[in-house]
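Lettering follows sequence order; numbering is per chain, from 1.
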Amino acid sequence: MRFLELEQYKVKYPQLKHYLTSLDEYLSKASETGHEVVPALLAKKISSDEGLALALLMLADDAGIVRPRYYVYCDLKDAVISEYDTKDQIPERIYCPFDDEEHSRQGFHVELVFELSREARGMTT
Amino acid sequence: MRQQLEKTLSHVSQRAVKHWLKTRGLEHTAANTDLFYERLIKLIDNRSLSIDHLKNAAIEIEESGNKRIYLRNLQGTEAISSKSALRDHLDSLNVSLVEDRYQSIHQPIRPVLNYIGWFEQSPARVRMKFSETHEELEVNYETQTVTSQKITKFVVVVVDVESGFVQVRLDPASKVHPHKDQDGKSKEELYEDYYFRKAAELLGSEGLKAYDLSRAAEYLTTTQPRIFRLPIEKVRTSAASFQTYSSRRDVRDDPARRGAQLADGDNWVYEDLHGYWIQDESEGQLSREVFMQLKRRTSMLRFLADCLENEVEYAISRIRAI
C-alpha cells in the first residue's frame with residue numbers, strides 16, 4: 001500500500017526521500033487503523049524531530065492525503081472535546097461533556113493533528 | 001531579631017530554608033514556626049549564620065524554588081556574542097548591565113526588571129530577574145466578604161551565552177495579575193508570553209524556540225540503571241490515545257504497565273513525567289531525591305518550593321547532556 005502522490009516530493013526534495021518513504025509507510029498503516037496522525041508520534045517513528053514531522057505532514061496535506069485538524073483536549077481528562085478545521089474557529093470557552101462544564105483556555109489545550117482525507121482512503125495502491 | 005528574620009524570609013518556604021541550612025551542614029530541624037525562628041536566632045548568636053547569609057538564601061530560593069521552567073533556544077544570538085555587544089544593545093533600550101545579581105524588588109506597582117547581568121561562570125551566562133505583584137483572593141462565604149493578599153512573583157531568565165539555551169523560570173500565576181485580556185481578565189498565558197517577549201527583547205533576539213524534550217523524556221524512563229524514579233507517567237500510545245500510570249514507588253515496576261510497554265512501548269511518546277532524580281545516581285551532586293515534573297508538549301520543567309539552585313541546575317544539565 002503506497003501513496004503515489006508522495007513520489008513527486010521525492011523528486012522535488014531528494015534530501016527528504018528517506019523520510020518521505022517512512023511517511024508513506026506510516027500513512028499507509030494509519031489508513032488501515034483509521035487513527036489520526038500526531039506529529040510527535042510520527043517524529044518518534046521516523047527518528048526525527050517534531051518540526052520535520054510537521055513539514056512532512058504539510059507535504060502530505062499539499063498532496064491531498066491528509067488534512068489538518070485542531071483537536072481540543074480537556075486538560076483534566078485528556079480527552080478530545082471538540083475539533084476544528086482552523087485555529088481561528090476555536091472559541092474562548094468550550095463545553096466539556098466529560099466534566100459537564102465549560103472550560104476556558106486555562107482548562108483545555110489545542111493540538112494540531114492530521115486526518116486522512118476522504119480522497120486518500122481510495123488513493124493507496 | 002525575630003521580626004527582622006520574618007521580614008527577610010516572609011516570601012520563601014520554611015521547608016526550603018531548612019533544606020538550605022541542611023546543605024550547609026547546619027542544624028535545621030524545627031517542629032513549628034516558633035522553633036524555626038528560635039533555631040535561626042541560635043545559629044546567628046553562635047555565629048554559624050548571619051542575616052546576610054539568610055538574605056542570600058531567600059534570594060536563591062526565590063530564583064529557583066517553585067518554578068515552572070520553560071526551556072528555549074534563542075533565535076539570533078548576535079546581541080549576546082560578547083559582554084560589550086550586550087551592553088551596547090541594552091544601552092539602546094536604556095537598560096544597564098549590572099555586576100551583582102542579588103537584587104530583589106518586592107510588590108512593585110507594575111512588572112519590573114530587578115537586574116540583568118553578564119556572569120563569567122563556566123559557561124558564561126546572562127541572567128535577568130523580574131518581579132511583579134499578583135493577588136490571591138480568599139472568599140469568606142459566611143460573612144460574604146473577599147479578602148485579597150498581595151504576593152510578589154519572580155521571573156528569572158538564565159541564558160547560556162555560547163549555546164543560546166534559555167531557561168525562563170516563572171512563579172505560578174495567581175488568580176489576579178497584571179496580564180489581562182481585552183475583557184480585563186487575568187490570563188496565565190499572557191503572563192508567560194510577556195516574559196518570553198521581554199527576554200527576547202532584552203537579549204536582542206527574534207524570539208525563543210521551544211527546546212525539544214522528547215528524547216530526554218524517553219531517556220529518563222528507559223535508561224538503565226534508573227536515574228529518575230517515576231511514580232506518575234503519561235504516555236501517548238501509537239493509537240494516539242493517552243495512558244496515565246501511577247504507582248507509589250515507580251510505574252515501571254507495575255506488571256500491567258510492563259505488559260503495555262511490551263505491546264506498544266516502541267511507539268510511545270512520553271508526554272508528562274512526575275518523578276524524582278535519584279540521589280545515588282547523581283555522583284554526589286544531590287543530597288536528596290529531587291522532585292521534577294517534565295511536560296514534553298510545552299517544554300516545561302516544574303520544581304517544588306524548597307528546590308535550590310544547584311538542584312535545578314543538576315536536573316537541567318543532565319537533560320541537556322542527553
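For the set B:Arg215, B:Arg296, B:Glu188, B:Arg236, the count of heavy-atom pairs under 4.5 angstrom toward chain A peaks at B:Arg236. Listed options A:Val38, A:Leu41, A:Asp49 were ranked by heavy-atom pairs under 4.5 angstrom with chain B; first place goes to A:Leu41.
Proximity to chain A is absent for every atom of B:Ser241, based on heavy atoms less than 4.5 angstrom apart. Proximity to chain B is limited to the side chain of A:Gln106, based on heavy atoms less than 4.5 angstrom apart. Neither the backbone nor the side chain of B:Asp181 comes within contact range of chain A, judged by heavy atoms closer than 4.5 Å. In this structure, chain A has a heavy atom under 4.5 Å from the side chain of B:Lys234, while its backbone stays farther away.
Donor-acceptor pairing under 3.5 Å is lacking for the side chains of B:Asn267 and A:Lys44. For the residue pair B:His177 / B:Glu135, no side-chain donor-acceptor distance below 3.5 Å is found, with atom types taken as modelled. No side-chain donor-acceptor contact under 3.5 Å links B:Arg110 and B:Thr133. With hydrogens and angles left out, the side-chain atoms of A:Glu83 and A:Tyr70 include no donor and acceptor closer than 3.5 Å. For B:Asp264 and B:Ser238, the side-chain atoms include at least one donor-acceptor pair closer than 3.5 Å. The closest side-chain donor-acceptor pair between B:Glu136 and B:Ser174 falls under 3.5 angstrom.
No close placement of the A:Tyr95 and A:His103 rings is indicated, their centers lying 6.0 Å or farther apart.
A:Arg2 contributes no side-chain N or O that, together with a main-chain N or O of A:Glu25, makes up a donor-acceptor pair within less than 3.5 Å.
The pair A:Arg69-A:Glu115 meets the salt-bridge criterion, since a charged nitrogen lies less than 4.0 angstrom from a carboxylate oxygen.
Identified by a heavy-atom distance below 4.5 Å to chain B, contributing residues of residues 10-21 of chain A are lacking entirely.
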